[in-house]
Amino acid sequence: MEALRVMELNNSQIEFPLSWPGQMLRSLRTLCLDYCSLGTGLSSMLGHMTQLETLSLFQSRIRDDQFPAEIAQLSNLKLLDLRVESSLHPLPIGILSSLKKLEELYLGSSDHLQLGRDKQEEIGCLKEISAISNLACLQIALDDFSLLLLSLQAFDTQRLSRFNIAVDNYRGAMIDHRRNYQFRKSFKLYLSGHGDEWLKQLFDPNVTSIVKRTENLTLYLSDQSSCLRNLVPDLGENGFINLKKLCLDDGQYECLVDSTANLVARHVFENLVYMKLRLLKLKEICNGFLPPGCFNQLQGVELYSIRALQCLWKGPVKPPSLCNLISIKVEDCAQITTLFSESALKCLVKLQRIDVTYCKNLERIVLREESLTEEVLELPQLKALTLSYTNFIGFGSEDDKAVAFFDQVSLPRLELLEILGSGDGPEQLIGGKMPSGSLDNLKHVQLWECRSIRCIAKGHTVTLLQNLQALWTWDCQGIESLVDFEGLKVHNTPSEKAFEILPKLESLGLSDCSRLIHIWRNFPEGIRVFQNLRSLHVSKCPLKCLFHPPSVATMLISLEALEVYWCSEMCEVIGEEDEEVSLEDNAQHHDIGKRREIALGRTSKEFVFSRLTSLRLQALENLRSFGGSYREDYEFKFPLLTELIISYCPKLKKFSSGNLDAPLLKKVRIMPSDTENFEAPVDLKDREICPLLI
């Protein structure tokens, strides 16, 4: 292949002839041997490829008995990637100085390829790098800050259009071994083991010169250090105008920006896109007024274990600051009580996600201003709000008098709401002062251990949830009903279509809610619910019946799976009209129940679960009937039911009080532990009884 210009061989084990044929591959311009095991003879081969302009040995193991010093003969080389996985021998002095045309040099860290045989030769190699006149791109990781300072004395870094320089703790700096040539200007300092005397060298003009030009800055400092009180103006008097990504790990700061000293540049963090702060002693983001335009390009913020910080952004904030922020993640910040001031909230016009975890003192998202207590708080683009293990008592509540967690709030794009563990907050999730359309896009709600909530919504407020698709509650010990319809006005006439509530709800789960005795309260005439419900799971709830009033059962035209577990109070799945009537005294109320069903127009004498395919009834020790004991003349139709599982329902003597029609049901499955004592209900004895395979 005499005309071959480019060759790439990856993930290979390669042995080379000790005597390389002189004319072979001499026209090659680019050679990539990445992720390879390179045996003896590599030096002989490279010595003949004098036209080579690009050579990459990325993540390869050099097993030759010497480092391929013939690289020095590649006088046309423009790109050299020596980020090897390992080399038996160090990079000799004298090679890099021979590469006069070199423009891009990638060296990795000395843990993988050592520069020189000793410290003196390492310094010599660094001086050679400084002397490469055409060098425009450099990637290197050093394990000694003093070596960087020494190199910078003779190195004009201004000519580097791209650099990725990491110092100390190089293993941490080089965790990510992806082959990346797309970085711009990255500077990473890992100096957590050094005291103030070392850290003062951060202010060396040669270092600050790099910092000013850096687009990606990582500082990993000692939490005992006190020499760097802030970033602006102490370290970045130019306001870090070029910075796009900031990562601070460990270290002790009063603030990031101190605008009280009148030394702050006109443009502060104006191009910053992403900020990650971790394990800092930090009191506040900004001391004083946030400079105009500060953080106006910021899109993502992540905070982990920030001590002393009580609020992300407090005090006056004006656009365009924060106007491009999309995502906020806060974790294990023990002192934080509030995320934003109300003026900061007004700037968050693009915020899409808030995720707060293990912030035990967080009570609210927004701190209301006293003069604006009646103003609606709005996040127009927020799509997901997740609050886990906080002391959350309300989105913008001032005190313990709040009626609901969300009231006077507009979140029109919110799709996901997750609250796991909240404070001793209000009794309602959604309050009556929510404006129309404020939850128009809410699709998924998950509540864990929200023990103050008594109900999700009351009255007309439930109409805000018309697009809700999934609702799950776990261990919400205070919840007594999902919805209380008291106050809901239904204006439709008998000739009009029924008013639909939760028309798009597909999945409902209620688990371990020890006070949940009603799914609904004050259920009015003229409404329909659960029209689109496909999956219903109920467990460990003291419900005496599941569907009450019984008309709800006739509305389940989409239900495909029904699971009821460990509800020891449940006597029947389809309840009676009068919820106050004891189910143990059904015999006295047959006529009452029949008269009410006739009065409500339900004279069809049937319950049809047209799409139900799976029904599981487990650990229901008081269950007597699926359909209610007074409906002997009713028909219960399950045209698609193929799976029926019954386990520990000792009082279930007859599955349905009326006629059971389930043509596809051939087997009744029981748990293996029930095999000996299980007695099939009389209307299921013609089906095969078989144990469930777990």
Side-chain angles (χ1 to χ4, degrees), residues 373-377 393-397 399-412 414 417 419 425-442 445 447 450 452-468 471 473 476 478-505 508 510 513 515-533 541 543 545-552 555 575-581 596 599-601:
T373 54
E374 296 301 317
E375 187 168 313
V376 173
L377 303 175
I393 60 173
F395 190 89
S397 57
D399 47 43
D400 296 335
K401 298 179 181 179
V403 174
F405 283 88
F406 296 88
D407 215 3
Q408 289 180 261
V409 177
S410 180
L411 307 171
L414 188 67
L417 174 62
I419 304 177
E427 295 184 355
Q428 289 177 231
L429 181 67
I430 303 169
K433 294 183 179 180
M434 294 287 284
S436 176
S438 56
L439 294 173
D440 260 2
N441 214 35
L442 187 59
V445 174
L447 304 176
C450 299
S452 71
I453 294 179
R454 299 290 181 87
C455 72
I456 304 299
K458 285 187 176 181
H460 74 279
T461 307
V462 70
T463 61
L464 297 173
L465 303 176
Q466 293 298 80
N467 288 307
L468 190 66
L471 172 61
T473 67
C476 295
I479 197 165
E480 297 175 352
S481 64
L482 283 185
V483 177
D484 186 343
F485 286 113
E486 184 178 6
L488 178 67
K489 297 180 180 179
V490 182
H491 300 290
N492 54 326
T493 64
S495 62
E496 292 177 323
K497 183 179 179 182
F499 183 47
E500 294 188 359
I501 300 294
L502 301 175
K504 295 185 179 180
L505 190 68
L508 176 61
L510 306 168
C513 300
R515 297 177 65 179
L516 182 68
I517 56 176
H518 308 281
I519 293 182
W520 319 102
R521 278 190 182 277
N522 301 301
F523 195 93
E525 295 182 37
I527 71 168
R528 296 185 69 81
V529 296
F530 293 167
Q531 291 287 90
N532 205 40
L533 191 67
C541 297
L543 292 162
C545 65
L546 186 56
F547 302 127
H548 183 275
S551 59
V552 173
M555 302 175 189
E576 296 187 21
E577 284 297 335
D578 189 349
E579 64 179 304
E580 303 300 328
V581 172
R596 289 188 176 180
L600 292 171

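Computation of the quantities below employed the complete heavy-atom set of this structure, encompassing side-chain atoms and omitting hydrogens, waters and symmetry-equivalent molecules.
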CA sep, side-chain torsions, deciding dist, call: Trp520, Val529, side-chain contact (heavy atoms from CB on, under 4.5 Å): CA-CA 10 Å; Trp520 319 102; Val529 296; 3.8 Å; yes
side-chain contact (heavy atoms from CB on, under 4.5 Å) evaluation trace for Gln408 with Glu375: CA-CA 7 Å; Gln408 289 180 261; Glu375 187 168 313; over 6 Å; no
Please assess Leu502 against Leu508 for the test side-chain contact (heavy atoms from CB on, under 4.5 Å), listing each intermediate value before the final yes or no. CA-CA 11 Å; Leu502 301 175; Leu508 176 61; over 6 Å; no
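The heavy-atom pair separating Thr461 from Gly431 by the smallest distance is CG2-O, 3.5 Å. Leu471 and Leu505 make their closest contact through N-CD1, 3.9 Å (heavy atoms, listed as atom of the first residue, atom of the second, distance). The shortest non-hydrogen separation linking Leu464 to Gly437 is CD2-N, 4.1 Å. When all heavy atoms of Ser410 and Ser438 are compared, the pair lying nearest together is CA-CB, 3.7 Å. In plain terms, the two heavy atoms of Leu377 and Gly396 that are nearest each other are CD1-CA, 3.8 Å. Closest non-hydrogen pair, Pro435 versus Val409, comes out as CD-O, 3.4 Å.
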Can you give me every donor-acceptor pair (side chain of residues 478-486, partner residue at least two apart or in another chain, under 3.5 Å) with its distance?
{"residue": "Glu480", "atom": "OE2", "partner": "Arg454", "partner atom": "NH1", "Å": "3.4"}
{"residue": "Glu480", "atom": "OE2", "partner": "Arg515", "partner atom": "NH2", "Å": "2.7"}
{"residue": "Asp484", "atom": "OD1", "partner": "Glu486", "partner atom": "N", "Å": "3.0"}
{"residue": "Asp484", "atom": "OD1", "partner": "Asn522", "partner atom": "ND2", "Å": "2.7"}

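Here the straight-line distance linking atom CG of Leu414 with atom CG of Asn441 works out to 8.0 Å at 0.5 Å rounding. Atom-to-atom distance recorded for Glu500:CD and Met555:CE is 10.0 Å, nearest 0.5 angstrom. Of the inter-residue distances, the one linking Leu543 atom CG with His518 atom NE2 reads 9.0 Å to the nearest 0.5 angstrom. With rounding to the nearest 0.5 angstrom, the CG atom of Leu442 is 6.5 Å from the CG atom of Leu465. Note that CZ of Phe499 and CD1 of Ile527 are 8.0 Å apart. Values are rounded to the nearest 0.5 Å.
Put simply, the side chain of Val552 does not reach to within 4.5 Å of the side chain of Ile519, judged on heavy atoms. Looking at Ile453 and Thr473, their side chains never come closer than 4.5 Å, going by heavy atoms from C-beta outward. Contact of the Ile419 side chain with the Cys450 side chain is registered, since non-hydrogen atoms from C-beta on lie closer than 4.5 Å. In this structure the side chain of Cys455 reaches within 4.5 angstrom of the side chain of Gln428, judged on heavy atoms. Under the 4.5 Å side-chain criterion, counting only non-hydrogen atoms from C-beta, Phe406 is in contact with Leu411.
With 3.5 Å as the limit, one finds a donor-acceptor pair spanning the side chains of Asn467 and Lys504.
A search for side chain to side chain donor-acceptor pair (under 3.5 Å) contacts involving Asp440 returns nothing, not counting sequence neighbours. For Lys433, there are no side chain to side chain donor-acceptor pair (under 3.5 Å) partners two or more places apart in sequence or in a different chain.
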